[in-house]
Amino acid sequence: MSDTIRHHLTEALLMAYSAGTLPEAFNLAIATHVSMCDACRAAVESYDCVGGALLAETETVDMSASALAATLAMIHAGDAAPPAPAPRRSDVPRPLADYIGGSLADVAWRPVGMGVKQAVLKTSDAATARLLFIPAGAAMPDHSHNGLEMTLVLRGAFFDEEDRFGPGDIELATEADQHTPVADIGEDCICLAVTDAPLKFRRLLPRLAQPFLGI
Amino acid sequence: MDQPTRKDARTDDWVAHVARIRDDKDETAFAEIFAHFAPRVKSFLMRGGGDATLAEECAQEVMATLWQKAHLFDPARASVSTWVFTVARNKKIDVLRRQRRPEPEDLTWGPEAEPDQADVLALQQETAQLSAALAELPQKQRDLIEKAYFGDMSHSEIADVTGLPLGTIKSRIRLALDRLRHAMRQRQ
């Protein structure tokens, strides 16, 4: 699959993921993309290496005199670390499977109009992650956003004004971008979309619901 | 003793210590690794916003994690410093930012096979080159990178940091990619 991915993360986002400064929802999209993309995986490991090099050279702050003894006591007390849970079987990469609790078939979709469905995933408030289901040939609801929007294709494909995005591809759009992604005609499109600026999301939701709820 | 001094710390020769912890539950090796890394992890966590008490407690937990996960460490994929950094970073996200940390799905090329010594050496050399390149950056740029990693800089601020002449990192990315592809081929 890897060789078919043409749309990747930026260096800035790879570095921020490694540094650990992004909101959880972005980390989820990045971890999922990296699970599908060798090139970005190698880049993340390289940025981790930068973090290691900085840590090796950083100044030190003295530990307390009893720190080592306390740590060894902690080790002796809990030596049997809990085994990692067995990977669940899923049709999506593991980081995403952990958030949806299984496979795409387990997702609790909610219709938002024009055949489009969504499922908001639980993450920290700083950004919002949701799965979007867009029927073949349909357009994603018209939307704009304040900050960064990250859209990772899981199934099918979509087109924006400039290009096609297939499984594993990630589209990055800023507030400057006016885009109306349209699902490929051949297959329903499922993607993971992440936006920051939660206030914007609240504004988006009524607009999505409007034609259906009649408000 | 193979305890690295400050001078040759850049070769990051802690791999043998981790092996002694893994194989022999060697508390002397652990004490040495603790003495080197715990004060750095504590410093990292304090710069990330933790107070001294919390940073101390978390640094102890990070070091205990190294003991518990010593069998998962693969010296052909990461230096010990890099490994400690990732554990400390995840602790920071968990405790200071109160978030989960989604991690990429692991490749199943795990520690069942002994790592190739040539790969381990190559990685140590790359790590040393990277450290040297970072050390040679102009102070202002180095400060920016440190802030990006340690100071909880926002991602839009980090965007301004990129474009730095991190040529070595680029070559490292290429090397990492080559190694990854090599390992993938071996698995097939």
Side-chain angles (χ1 to χ4, degrees), chain A residues 10-13 15-16 18-24 26-32 34-35 38-39 41-64 67-68 70-72 74-75 78-79 81 87 93-96 98-99 123-124 126 147-148, chain B residues 9-10 12 27 30-31 34 38-40 42-44 46 55-56 59-61 63-64 67-68 77-79 81-86 88-90 92-93 98-105 127 130-131 134-135 145-146 148-150 152-155 158-159 162 169 172-173 176-177 180-181 184:
Chain A
T10 62
E11 296 289 320
L13 285 166
M15 181 171 165
S18 172
T21 49
L22 291 171
E24 182 180 349
F26 284 112
N27 283 343
L28 174 59
I30 291 171
T32 306
V34 166
S35 298
D38 293 346
R41 182 191 293 272
V44 164
E45 291 190 0
S46 297
Y47 281 112
D48 285 350
C49 189
V50 175
L54 292 171
L55 184 74
E57 300 287 322
T58 196
E59 70 223 40
T60 59
V61 176
D62 285 345
M63 297 290 285
S64 66
L68 175 61
T71 305
L72 283 169
M74 198 188 311
I75 287 166
D79 215 5
R94 188 170 178 193
L96 182 57
D98 287 344
Y99 276 77
T123 62
S124 69
L148 177 67
Chain B
R10 280 189 189 152
D12 201 15
E27 295 193 4
F30 182 74
F34 186 96
R40 288 172 168 78
K42 184 174 177 181
S43 164
F44 167 70
M46 287 177 70
E56 164 94 22
Q60 290 181 17
E61 288 169 10
M63 299 311 293
W67 177 289
Q68 285 150 356
R77 285 182 68 189
S79 70
S81 292
T82 299
W83 183 44
V84 175
F85 165 73
T86 58
R89 172 200 63 204
N90 291 356
K92 182 176 89 173
I93 292 171
R98 299 172 191 283
Q99 295 184 10
R100 287 166 73 188
R101 163 80 180 183
E103 293 277 1
E105 187 166 309
T127 304
L130 178 64
S131 293
L134 282 171
I145 296 182
E146 281 210 13
Y149 275 84
F150 292 177
D152 239 6
M153 192 187 261
S154 76
H155 58 281
I158 286 182
T162 56
I169 295 174
R172 231 210 83 82
I173 289 173
L177 188 56
L180 190 66
R181 294 237 159 98
M184 302 280 278

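Computed from a predicted model, the values in this text were never measured in an experiment. Chain letters run A, B, ... following the sequence lines, proteins first, then strands; residues in each count from 1.
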Item to check | Stepwise ring-ring contact (aromatic ring centres under 6.0 Å, His included) test for B:Phe85 and B:Tyr149 | outcome: CA-CA 10 Å; B:Phe85 165 73; B:Tyr149 275 84; 5.8 Å; yes
Checklist entry - Which is it for B:Ser79 and B:Thr82 under the side-chain hydrogen bond (donor to acceptor under 3.5 Å, both in side chains) test, yes or no, and what are the steps along the way? => result CA-CA 5 Å; B:Ser79 70; B:Thr82 299; 3.0 Å; yes
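At a 4.5 Å heavy-atom cutoff, the contact between A:Asp48 and chain B is made by backbone and side-chain atoms alike. Heavy atoms closer than 4.5 Å to chain A are found in both the backbone and the side chain of B:Ala64. Both the backbone and the side chain of B:Arg100 come within contact range of chain A, judged by heavy atoms closer than 4.5 Å.
Considering only heavy-atom pairs separated by less than 4.5 Å from chain B, the leading option among A:Thr32, A:Thr123, A:Thr10, A:Asn27 is A:Asn27. The residue among B:Arg89, B:Arg98, B:Glu146 with the most heavy atom pairs within less than 4.5 Å of chain A is B:Arg89. The most heavy-atom pairs under 4.5 Å with chain B, out of A:Ala67, A:Ser124, A:Pro93, A:Ala53, come from A:Ala67.
Here the side chain of B:Arg40 pairs a donor or acceptor atom with the backbone of A:Ala56 at under 3.5 angstrom. Although no hydrogens or angles enter the test, the distance criterion places a donor-acceptor pair under 3.5 Å between the side chain of A:Ser35 and the main chain of B:Glu105.
Under the 4.0 Å criterion applied to side-chain N and carboxylate O atoms, B:Glu61 and B:Lys92 are not assigned as salt-bridge partners.
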